[in-house]
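Take a look at the structure set out below.
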Amino acid sequence: MPDRYNILAVPELEILISREQIEQRVNALSAEITRDFSGQSIIFVGVLKGAAIFLSDLIRGVQLDAAFDFIGVSSYGNRPTPAQELSTGWDSTGEVRLTKDVDQSLIGRNIILVEDILDTGLTLTFLKKVLQARQPKSLRVATLLDKPSRRKQPVKADYIGFVIPDEFVVGYGMDYAEQYRNLPDIRVVPRLV
Ligand code: IMP
Ligand code: MG
């Protein structure tokens, strides 16, 4: 059955969080991280591809010795089609696998895992386990968005940009069927009815 992509023109997508609000909040998170890790170094690990833009803004505001890397994941089994993702969300089997590992040793380092959005929590639960096994000195999580109403795993982020309702959002790195990642504001894709 062909998938209904329902790609809409950008002006049809309502802005949930503006570029100015994002900038202000991300700067505040950078300042908080700078204070929390005063005198120490950090490796930021971004989850591809959605966190790439958040990570690039976040690290530029951190006034510490910092490095960054990326990690990639994919979901096994009932991977949702874009239309399913929009109507029911990311209801995968919970099996996540690594598609790209970091390029450096994390032993004894302060790690901040950077995510675009914390939804069911399945991805972060998996990634925290993977990174904890590398014996870092510390492991924290920064997520731009948090949708706590959808949580299936009791995972929490240490740094949260915005808590949002159960809407499907795009822009500032986040996609719908690989579209809209380049939008500077965060917008809502209306549910299929
Ligand atoms: P989790 O394992 O359910 O927490 O999945 C989080 C991942 O699902 C995010 O990193 C996104 O890639 C994707 N995701 C969840 N909600 C949205 C959304 O509203 N827009 C775009 N991607 C989303
Ligand atoms: Mg996605």
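For this chain, numbers begin at 1 and follow the sequence in order. Just follow the structure's listing: the first ligand is 1, and inside any ligand the first atom is 1.
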| query | Is the closest side-chain donor-acceptor distance between Y180 and R187 under 3.5 Å? | reply | no

| Under 4.0 angstrom from ligand 1, any heavy atom of K152? | no

| request: Run the salt-bridge test on E167 and K147 with the 4.0 Å N-O cut-off and return the result as yes or no. | output: no

| ligand 1 contacted by V170 (non-hydrogen, < 4.0 Å) | no

| D36 bridged to R140 by N-O distance under 4.0 Å | yes

| Can R191 and D166 be counted as an ion pair, charged N to O under 4.0 angstrom? | yes

| query | Can you find an N or O of V169 that's nearer than 3.5 Å to an N or O of ligand 1? | reply | yes

| note | A student checking ligand 1 against F168 at a 4.0 Å heavy-atom cut-off should list atoms 17 (C), 18 (C), 19 (O), 20 (N), 21 (C), 22 (N)

| query | Per the side chain to side chain contact (heavy atoms under 4.5 Å, CB included) rule, which among T123, V141, L124 passes with L118? | reply | L124

| field | Within-shell test, G121 vs ligand 1, heavy atom, strictly < 4.0 Å | value | yes

| For ligand 1, is there an atom lying under 4.0 Å from some heavy atom of E167? | yes

| message | Heavy atom to atom 3 (O) of ligand 1, shortest distance: which of D166, D116, T120, L16 holds it? | response | T120

| field | Contact with ligand 1 for I117, non-hydrogen, under 4.0 angstrom | value | yes

| Is the closest side-chain donor-acceptor distance between Y172 and D57 under 3.5 Å? | yes

| note | Nearest heavy-atom contact between D69 and L55 is O-CD1, 4.4 Å

| task | With heavy atoms of K147 as the reference, note each atom of ligand 1 found under 4.0 Å away. | result | 16 (N), 17 (C), 18 (C), 19 (O)

| query | What atoms of ligand 1 come within less than 4.0 Å of a heavy atom belonging to E115? | reply | 10 (O)

| task | Could you tell me whether D146 and R151 make a salt bridge, using a distance below 4.0 angstrom between a side-chain N and a carboxylate O? | result | yes

| Heavy-atom gap D175 to ligand 1 smaller than 4.0 Å | yes

